[in-house]
Protein chains: 2
Amino acid sequence: MAEAQPAIGADAVVTLRRIALDGGLAGETKLSCSGLAGDLDVSTQTASRRLQHLEEAGLIERETVGDGQWVSITDAGERTLRREYESYRRVFEEPEVLELRGAVTSGMGEGRHYISLSGYMAQFRDRLGYEPFPGTLNLDLDTESVRTRMGLSGFEPIPIDGWEDEERTYGPAVCYPASVTTTDGDAYDETHVIAPERTHHDEDQLELIAPVKLRDELKLADGNVLMVSVEESG
Amino acid sequence: MAEAQPAIGADAVVTLRRIALDGGLAGETKLSCSGLAGDLDVSTQTASRRLQHLEEAGLIERETVGDGQWVSITDAGERTLRREYESYRRVFEEPEVLELRGAVTSGMGEGRHYISLSGYMAQFRDRLGYEPFPGTLNLDLDTESVRTRMGLSGFEPIPIDGWEDEERTYGPAVCYPASVTTTDGDAYDETHVIAPERTHHDEDQLELIAPVKLRDELKLADGNVLMVSVEESG
DNA sequence: ATTACTAGTTTACGAGTAA
DNA sequence: TTTACTCGTAAACTAGTAA
């Protein structure tokens, strides 16, 4: 689940990248199997087969002509390449946005109680700009995201102060602006990650609040995978 | 020749990237074959074998312990990943440096004559800051670099004016600061790409000038591959 | 729980060739 | 010259098992 839906082999992606480097992203580019084969260091037969497979997978479109073929990369192909690129970016670059991935889970329903407390709700209205739906959407982060999440410590949080009433004290919390996207491409942008101020930041659970009930808004069921893009606030 | 020396398969690189995402670049990271297998969507046996191959190729170091193994990525492994990353950067990002690759060729020796003409030489001294060795180092660019080279049109060149004497006119030229690196890792930084001002910019030949004879300085022979990093001047 | 070996199967490959 | 087929081989995979 951590690796995005490949459905195609690594060799196919390498071939696709090669086409992109030859100009297949900008539009059609003229290729020959032998030239491609030379670049990829494989036989012309393999180059031919690779192109066929990419076409069958809907990652390229092409038109063969007498002395070669015109190849262009489809939107799906570009998305495939961009996923690869983002993956390497995560390896080498310090991100200004953190991309987390997790599966919707029922959580323990305790979020609803705390969110709706007036001591918190007033701060949400002031500092987040909306009154959140009285409940949190909980995600089970995958192992990579648990690690990525640690990068949150480098972000400037929106503080939510703790307070106390006659019976007990309520601890401070932090929020980070975020947007979420489903695997179907549906998105909701005005959400916040919320977490206790003092957390080990090694959690595999992520809690989200939003002005609407995300579970209904995005038609989510337990187990649905959600991408969460956490931005630097400010 | 266009694709860098892989020597390892695309699947191996994907596995290496997965280890990097799990923290194998920063230092040792704790892995298990089953966890890795889940991330890569392959069997645990394949994960085990992939790790063996990466170790044999010198791209990772590891120590197996009772409940898994500690894996770290070697310098060679990091270089491999960075090459992949740069490759995707070339696909998606507008580069501020152009990376060209070509093989040393004898050229036609006409460079020597023009370079040493006083009308040009004075401008080199003023605008490049040195008196170039009276000759050019000529490279045969590979097909990818021929395309990349077109990006030079987006760069601000150092202009070299044309002039005329009693016999004929000498055309204007443009220079771009560059540094060169051999496949052995030897480098020379104070060089310039030089080209006629009016060029089709679709050339497969690249001419370099430098204060020294690069062919001797870098112990170059015809056919040796040279990386040329062309920077935005200014 | 691990890692990794052996065995059997599937997949990918290059050579040769046709269109 | 191209692209892409068939065919025999080589490589990579999964399943089962041992340590």
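In what follows, chains are A, B, ... by sequence order, proteins preceding strands, each numbered from 1.
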Ser32(A) side chain to Gly35(A) backbone, donor-acceptor under 3.5 Å: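 Yes.
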Exam field: side chain Thr74(A) to backbone Gly77(A), donor-acceptor pair closer than 3.5 Å: yes
Which residue lies more 5' along DNA chain C, comparing Gln45(B) with Gly35(B) via nearest heavy atoms: Gly35(B)
If you check every side-chain atom of [X], which of [options] has the closest atom?
X: Ser43(A); options: dT3(D), dG16(D), dG14(C); answer: dG14(C)
X: Arg62(A); options: dT14(D), dA4(D), dG14(C); answer: dA4(D)
X: Thr64(B); options: dC13(D), dC13(C), dT3(C); answer: dT3(C)
X: Ser34(B); options: dT3(C), dT2(C), dA15(D); answer: dT2(C)
X: Gln69(A); options: dC13(C), dT3(D), dT3(C); answer: dT3(D)
X: Ser48(A); options: dT3(D), dT14(D), dG14(C); answer: dT3(D)
X: Arg50(A); options: dT2(D), dC13(C), dT14(D); answer: dC13(C)
X: Cys33(B); options: dC13(D), dT3(C), dA4(D); answer: dT3(C)

Atom pair distance, as rounded to whole Å: [atom1] in [X] and [atom2] in [N]:
X: Trp70(B); N: dT3(C); atom1: CH2; atom2: C1'; result: 17 Å
X: Ile60(A); N: dT3(D); atom1: CD1; atom2: C1'; result: 13 Å
X: Glu63(A); N: dA4(D); atom1: CD; atom2: P; result: 12 Å
X: His53(A); N: dT11(C); atom1: NE2; atom2: P; result: 11 Å
X: Leu31(B); N: dA1(C); atom1: CG; atom2: P; result: 18 Å
X: Glu56(B); N: dA11(D); atom1: CD; atom2: P; result: 14 Å
X: Leu36(A); N: dC13(C); atom1: CG; atom2: C1'; result: 15 Å
X: Asp11(B); N: dT11(C); atom1: CG; atom2: P; result: 15 Å

Residue-phosphate contact under 4.0 Å: Arg49(A) side-chain N/O, dA12(C) OP1/OP2: no
Earlier contact from the 5' end, DNA chain D, for Ser32(A) and Thr46(B): Ser32(A)
Which residue lies more 5' along DNA chain D, comparing Val42(B) with Gly68(A) via nearest heavy atoms: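 Its nucleotide being nearer the 5' end, the pick is Gly68(A).
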Watson-Crick or G-U wobble mate for dC7(D), both contacts under 3.5 Å: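 Pairing partner, where one exists within any strand: dG14(C).
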Parallel, tilted or perpendicular: rings of Tyr85(B) and Phe92(A) (30°, 60°):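 Answer is parallel, since the angle falls under 30°.
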Mutual orientation of the aromatic rings belonging to Tyr170(B) and Tyr114(B) [parallel < 30°, tilted 30-60°, perpendicular > 60°]: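 The rings of Tyr170(B) and Tyr114(B) stand perpendicular, inter-plane angle above 60°.
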Pair of N/O donor and acceptor under 3.5 Å linking dA4(C) base with Gln52(B) side chain: no
Euclidean distance, Tyr188(B) OH relative to Thr182(B) OG1, rounded to 0.5 Å: 14.5 Å
Nearest heavy-atom neighbours spanning Asp140(B) and Gln205(B): OD1-NE2, 2.9 Å
